[in-house]
There are 2 protein chains.
Amino acid sequence: MSDEQVPQDFEALKAAILQRKAVLPKRLKQVAAYALDNPDEIAFGTAASIAVSADVQPSTLVRFAQHFGFEGFSSLQQIFRARLRERAPGYDERLRALAEKGHDELESGAILNGFTAAAHNSLDALTSAIDPVRFDKAVSVLANASTIYLIAKRRAYPITSYMAYAFGKLKIRCQLVGTAAGIDDDMLAFAGEGDAAFAVSFSPYAAETVGQARTVAEKGIPVVSLTDSVFSPLAEFSAVWFELAEADHAGFRSLSASMAFAMALTVAVAEKRQQIALK
Amino acid sequence: MSDEQVPQDFEALKAAILQRKAVLPKRLKQVAAYALDNPDEIAFGTAASIAVSADVQPSTLVRFAQHFGFEGFSSLQQIFRARLRERAPGYDERLRALAEKGHDELESGAILNGFTAAAHNSLDALTSAIDPVRFDKAVSVLANASTIYLIAKRRAYPITSYMAYAFGKLKIRCQLVGTAAGIDDDMLAFAGEGDAAFAVSFSPYAAETVGQARTVAEKGIPVVSLTDSVFSPLAEFSAVWFELAEADHAGFRSLSASMAFAMALTVAVAEKRQQIALK
DNA sequence: AAGAGAACAGAATAAACATTCCATTCGGTG
DNA sequence: CACCGAATGGAATGTTTATTCTGTTCTCTT
């Protein structure tokens with residue numbers, strides 16, 4: 001409805017949605033968010049299937065469409081399909097389009113491209129560097145732990161901090177070591193039989209991380225570790241360890257592959273726990 | 001019919017068509033030619049509309065699909081739609097290679113693969129989602145700041161914690177907000193003219209992050225923000241904001257693309273600072 | 001050239017689909 | 001707190017759509 005004009009292309013629709021997003025009723029806002037986040041689903045799905053995904057009624061989709069001036073859901077859907085037609089032409093034309101986007105014209109854009117490329121490379125390396133059998137073993141070790149101690153400092157710290165967040169959401173007990181100086185060793189003193197640790201350290205290896213992990217290992221607690229070199233001191237005393245080298249851009253490394261690895265490990269541990277619990 | 005396998009993707013279908021092209025009956029050949037020449041039409045059209053375009057009967061389309069082992073026209077159409085959905089032509093080969101590496105034999109390996117694939121997709125989305133001009137603008141804002149305040153909680157916190165580490169190494173003054181509860185607001189109280197802030201928040205948005213960023217913005221301090229949806233409340237008051245949706249695997253999202261973005265932003269800021277300093 | 005088999009067009013049918021309608025709930029206001 | 005309008009969920013509806021079926025037309029073989 002409204003006296004305004006009906007959006008004729010995706011950009012216009014997006015603009016219209018953003019403009020009215022504050023005024024939109026609850027369910028319609030829900031649809032709006034879903035539509036902008038999953039445009040492909042709207043393009044190909046049926047009203048029923050989309051309704052399930054977006055957790056609304058099919059009729060809500062129709063109302064949404066009418067709210068923005070369309071006759072019904074179908075005519076709204078045309079917008080989403082047209083969008084795909086425009087940018088679907090060939091196989092590798094996409095890459096050319098990227099180059100034409102002007103990323104390289106600005107220096108900052110070139111940097112962004114560089115890190116993206118480095119991240120892709122890191123992920124490729126990840127696949128070949130991680131032996132699935134060892135990965136599964138690491139998962140088992142951590143899944144059987146009562147409490148998982150996450151040890152990391154400096155550049156590796158964001159990895160364990162994310163794992164701590166995810167483990168928390170998954171209701172798996174863990175203890176993040178490396179936050180405040182001083183109390184780390186006190187926390188680790190609580191570690192005992194039935195626990196396990198996950199240590200991350202990249203070159204140059206933080207002495208603290210290595211020392212703490214070693215102490216834990218000497219107490220008989222299994223340590224799983226992630227490093228960027230076979231020479232890592234962590235390898236000596238770890239039950240399972242992984243070498244994962246991040247590609248760099250201009251000497252700086254992002255944590256893209258490590259993050260993917262960490263997340264996979266976290267979720268795999270959660271999954272294995274459920275299996276264990278079911279027995 | 002035929003003892004062969006039903007094509008599961010567009011490439012396989014194309015190969016099957018070309019292989020049997022000579023043996024195909026007249027009308028079916030006609031459909032085959034049309035399908036390969038106008039794949040988009042097949043993807044979006046209805047049997048009736050395609051029949052008109054290709055100058056055949058709808059029933060011929062059904063027979064064509066069945067001739068290649070599909071149950072009916074609809075299941076054939078899925079192949080053409082899947083082709084358009086594929087975000088990254090070129091990566092499909094890589095992903096197929098992944099699957100053949102034996103990772104899938106173990107469940108934990110499948111999870112690792114899933115996150116790797118999701119990370120690749122996220123990175124692809126990153127390239128097209130970030131407007132280089134806006135990125136450059138964001139870099140400028142942060143490069144001119146005296147102190148950069150990094151605001152993030154929960155799932156977004158690892159990103160700023162990594163940036164804080166990197167900024168530290170690069171000798172750029174920054175303040176990480178979000179560590180310990182309570183003192184955050186006190187730290188932000190120091191923020192004043194000449195400073196800038198970088199806020200990260202993913203759905204569901206932490207109220208604290210939004211509130212703190214808003215407070216800072218209202219003091220006239222420019223805020224650069226990173227979110228995963230255009231609906232983010234951060235967008236309202238940010239000088240520059242970026243929407244970056246991470247692909248998920250089984251509902252869990254890693255931070256691979258966000259990490260690459262964060263690192264690019266960090267390094268680009270450092271670079272621009274040097275340029276400014278030289279003048 | 002005649003017969004048999006496959007291929008086809010077009011109508012009939014059944015399934016899927018978007019849409020509409022109405023009873024109920026929700027959220028704001030006097 | 002009661003009221004009113006907007007918003008919503010869910011079933012009923014009517015339309016569109018794919019599919020099946022049947023009589024006919026090709027096409028190849030002998």
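Within every chain, numbering begins at 1; the chains are lettered A, B, ... in the order of the sequence lines, protein sequences first and strands thereafter. The structure displayed is predicted, hence computed values, not measured ones.
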Between the protein and nucleotides 23-29 of chain C, are there any N/O to N/O pairs under 3.5 Å, and if so, what are the atom names and distances?
none

Which atom of A:Ala51 lies closest to which atom of A:Leu61, heavy atoms considered: N-CD1, 3.8 Å
Polar side-chain atom of B:Thr60 near backbone of B:Val56 as donor-acceptor pair, under 3.5 Å: no
B:Lys29 NZ to C:dA6 P, straight-line distance once rounded to whole Å: 19 Å
Distance, rounded to the nearest Å, where A:Gln30 contributes CD and D:dA7 contributes P: 15 Å
Atom-to-atom span, CZ of B:Phe73 to P of C:dA16 - whole angstrom: 16 Å
Nearest-0.5 Å distance, OG of residue A:Ser256 to CG of residue B:Leu126: 9.0 Å
Euclidean distance, atom CG of residue B:Leu24 to atom C1' of C:dA7 [Å, nearest integer]: 12 Å
Nearest-neighbour nucleotide for the A:Thr46 side chain, C:dA18, C:dC8, D:dT8 considered: C:dA18
A:Ser74 side chain near C:dC17 phosphate (N/O to OP1/OP2, under 4.0 Å): no
Side-chain donor/acceptor of B:Ser238 to backbone N/O of B:Trp241, under 3.5 Å: no
Aromatic ring pairing B:Phe44/A:Phe44, orientation class (parallel under 30°, perpendicular over 60°, tilted between): parallel
Donor-acceptor side-chain pairing of B:Glu246 and B:Ser258 below 3.5 angstrom: yes
Rounded distance in Å - CD (A:Gln78) to P (C:dA18): 12 Å
Protein and nucleotides 12-15 of chain D: nitrogen or oxygen contacts under 3.5 angstrom:
none

Near-strand residues of residues 58-65 of chain B, defined as heavy-atom separation under 4.0 angstrom from DNA chain C: B:Ser59, B:Thr60, B:Arg63
Aromatic plane relationship, A:Tyr162 with A:Tyr165 - under 30° parallel, 30 to 60° tilted, over 60° perpendicular: parallel
Test: A:Arg20 cationic atom under 6.0 Å from A:Phe68 six-membered ring centre, within 45° of axis: yes
Presence of B:Gln66 side-chain N/O under 4.0 Å of D:dT20 phosphate oxygens OP1/OP2: yes
Residues B:Phe261, B:Phe135; criterion ring-ring contact (aromatic ring centres under 6.0 Å, His included); working and verdict: CA-CA 10 Å; B:Phe261 175 87; B:Phe135 186 74; 5.6 Å; yes
Between C:dA7 (C1') and B:Gln57 (CD): distance, integer Å: 13 Å
Whole-Å gap separating P (D:dA7) and NE2 (A:His67): 6 Å
B:Phe10 six-ring face occupied by B:Arg83 cation (under 6.0 Å, within 45°): yes
A:Arg273 side, atom CZ; A:Leu170 side, atom CG - distance, nearest 0.5 Å: 10.0 Å
